[in-house]
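What follows is one structure encoded as structure tokens, with my remarks underneath.
Reminder, nothing fancy here: chain letters follow the sequence lines and each chain counts from 1. Just so we're clear, the structure is a prediction, and the values are computed from it rather than from any experiment. All values below come from the heavy atoms of this structure, side chains included, with hydrogens, waters and symmetry mates left out.
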Amino acid sequence: MTSTPILTRRASLVLAGGALLVPSALSAKPVIAQQAPAFTGMGTDGKKHALADYKGKTVVLEWTNHECPFVAKHYRSANMQAIQKDVVKAGGVWLSIISSEPGSQGFVSAAKANELTKSRDASPSAVILDPDGIIGRAYDARVTPHMFIIDAKGALVYMGGIDSIRSTSVDDVPKAKPYVRDALTELAAGKPITTPSTSAYGCTIKYKPTA
Amino acid sequence: MMVGMKRRYVVLGAAVGTLYAFGTGGASAETVSPPVVTPHTRAQLVALGRLDDGRVSLGLRMAVKPGWHTYWRNPGDSGEPPTLKLSTPDGAGIALVGWPAPERIDIGGIVSYGHHDEVMFVANAALPAGATRVQAEATWLVCEKVCVPEAGKFTLDLAAGGPPSAATLALKPVPSPSVEATLTRAGDRLRLTIDVARLGGAPIAAYFFPYPSDVVDHSAKQAFHVEGGSLALDLAPFDARGRTPSELPGLLEIEIAADGGRKTRRFDVLARKAGPS
């Protein structure tokens with residue numbers, strides 16, 4: 001049951017016989033308070049990472065593309081790194097996911113991804129390469145950064161933007177309502193999430209046409 | 001390094017200027033700022049006139065490279081609308097109030113609203129009494145496959161120049177006629193219902209561009225049908241479990257059959273939630 005989204009996608013691709021059918025991914029949105037779509041992805045550390053491996057921990061998914069100006073805003077301001085550090089320090093798991101297709105903006109080799117982690121002083125638990133867009137489409141991730149928070153039981157508790165101000169300006173970071181931070185604070189305190197679903201803003205994810 | 005970068009900028013600038021020059025022939029007497037030329041855009045601030053309340057109406061005119069686009073007031077599922085502010089110490093923002101009709105830009109099933117080619121955004125600025133110069137700064141995001149934030153500083157001498165040129169006026173966004181609509185829930189959809197008589201005919205195509213960016217799922221398909229003299233347009237809400245908003249404003253674009261062809265019409269729609277208020 002947990003692997004349904006991935007199997008469905010693969011099955012639909014097989015049925016399509018490789019034709020460029022528009023997938024019905026956008027209708028299969030993940031739903032707040034329900035089980036988050038299961039996935040297994042290849043990390044830039046050379047290891048496989050399955051969501052199921054992290055049951056019992058808070059998991060944050062961050063869709064990223066280091067060349068996207070909206071992503072750059074949150075790394076140049078050190079906002080993203082600060083949230084990552086807090087999540088990992090509190091025993092949570094942070095997975096940065098790159099769904100850019102090969103040759104498109106944001107697509108990187110594992111080595112380059114690791115170098116970016118180092119040079120930006122980032123601390124994700126793992127960076128997952130999703131060049132076929134399978135994980136991205138299963139979550140209906142549309143932009144970078146698009147953020148998801150999954151609780152210890154595997155339920156989706158937040159999806160949407162990192163904060164409330166839709167801009168590429170670093171100056172807006174301290175002025176914005178920090179949705180992800182607020183949700184993490186409420187989750188840690190065992191409170192319901194005040195704003196579980198917001199409109200994400202950013203650059204469109206550069207999906208493979210068949211994804 | 002600096003010299004090399006500078007030269008590259010100038011060469012690109014010249015190319016952009018030649019390719020996307022505004023059609024004014026360079027001899028226009030309109031009141032316009034020197035152009036700001038960035039790698040993807042040629043932009044100017046132009047005076048459109050003075051309003052009765054003394055404010056100056058300004059046009060932010062932008063021509064972007066072929067294939068690239070800027071964004072509408074609601075950029076849809078990606079992007080960012082342009083901004084304009086006065087270069088005063090307090091940097092007061094000037095709200096853009098006139099927006100050209102957007103295009104639906106679908107990239108891999110992710111839908112954004114924006115503009116290709118040449119557009120003009122309109123803002124009305126309150127200036128200090130007797131001011132003859134406008135200094136303003138704009139920011140905008142321009143995207144093709146990748147997105148690049150760009151910005152420019154404009155100086156507009158209000159005392160030097162005449163009325164806007166015909167080319168500028170042709171770019172000025174035209175307000176669409178206002179139409180009221182009813183907003184209801186139809187299953188998991190938000191439904192707009194509009195009297196077809198107000199639209200000048202039964203639409204053969206219809207699309208609603210919402211003004212707020214957090215009510216409708218922009219990438220979801222919109223479905224419409226005409227029944228009993230009303231257009232019913234079904235939109236997927238952004239948050240399926242959220243409440244129906246009390247109002248939903250937006251731009252309705254329809255096509256109606258006319259003279260053996262199709263005619264596009266646009267309406268400024270204010271949909272209000274039906275039922276006891």
So which atom in P237(B) and which in K29(A) form the shortest heavy-atom distance, rounded to 0.1 Å?
O-NZ, 4.3 Å
As an exercise, state the distance from CG of D140(A) to CD1 of I110(B), rounded to the nearest 0.5 Å.
8.0 Å
First locate atom CD1 of I107(B), then atom SG of C203(A), and finally report the distance between them rounded to the nearest 0.5 Å.
10.0 Å
Which atoms of S112(B) are under 4.5 Å from chain A, going by heavy atoms: the side chain, the backbone, both sets, or neither?
side chain
Do T168(A) and E80(B) make a side-chain contact, defined as non-hydrogen atoms from C-beta onward lying under 4.5 Å apart?
yes
Shorter than 4.5 Å, heavy atoms on both sides: which option in I32(A), T204(A), I205(A) has the most such pairs with chain B?
T204(A)
Might you confirm whether atom NZ of K273(B) has over 12 heavy atoms from other residues, nucleotides or ligands at distances under 6.0 Å?
yes
For the candidates V146(B), D239(B), T139(B), which exhibits the highest count of non-hydrogen atom pairs separated by less than 4.5 Å from chain A?
V146(B)
Give me the atom names and distance for the closest heavy-atom approach of K206(A) to K145(B).
NZ-O, 2.9 Å
In chain order, what residues pass the side-chain hydrogen bond (donor to acceptor under 3.5 Å, both in side chains) check against Y113(B), with sequence neighbours excluded?
Y207(B)
Go through A236(B), P75(B), C143(B) and name the one with the most non-hydrogen pairs under 4.5 angstrom from chain A.
P75(B)
Count the heavy-atom pairs under 4.5 Å between each of G79(B), G76(B), C147(B) and chain A, then report the option with the highest count.
G79(B)
Please determine whether side chain to side chain contact (heavy atoms under 4.5 Å, CB included) holds for the pair S197(A) and F238(B), giving the CA-CA distance in whole Å, both sets of side-chain angles, and the decisive distance to 0.1 Å.
CA-CA 9 Å; S197(A) 175; F238(B) 163 70; 3.8 Å; yes
Which distance, rounded to the nearest 0.5 Å, do you find between the NE2 of H218(B) and the OG of S199(A)?
6.5 Å
Can you say whether T144(A) sits under 4.5 Å from chain B via the side chain, the backbone, both, or neither, judging by heavy atoms?
neither
Listed pairs under 3.5 Å, donor-acceptor, residues 145-157 of chain A side chains, sequence neighbours left out:
unit_1  : atom_1 : unit_2  : atom_2 : d
H146(A) : ND1    : R142(A) : N      : 3.0
D151(A) : OD1    : K153(A) : N      : 2.9
D151(A) : OD1    : G154(A) : N      : 3.1
D151(A) : OD1    : A155(A) : N      : 2.9

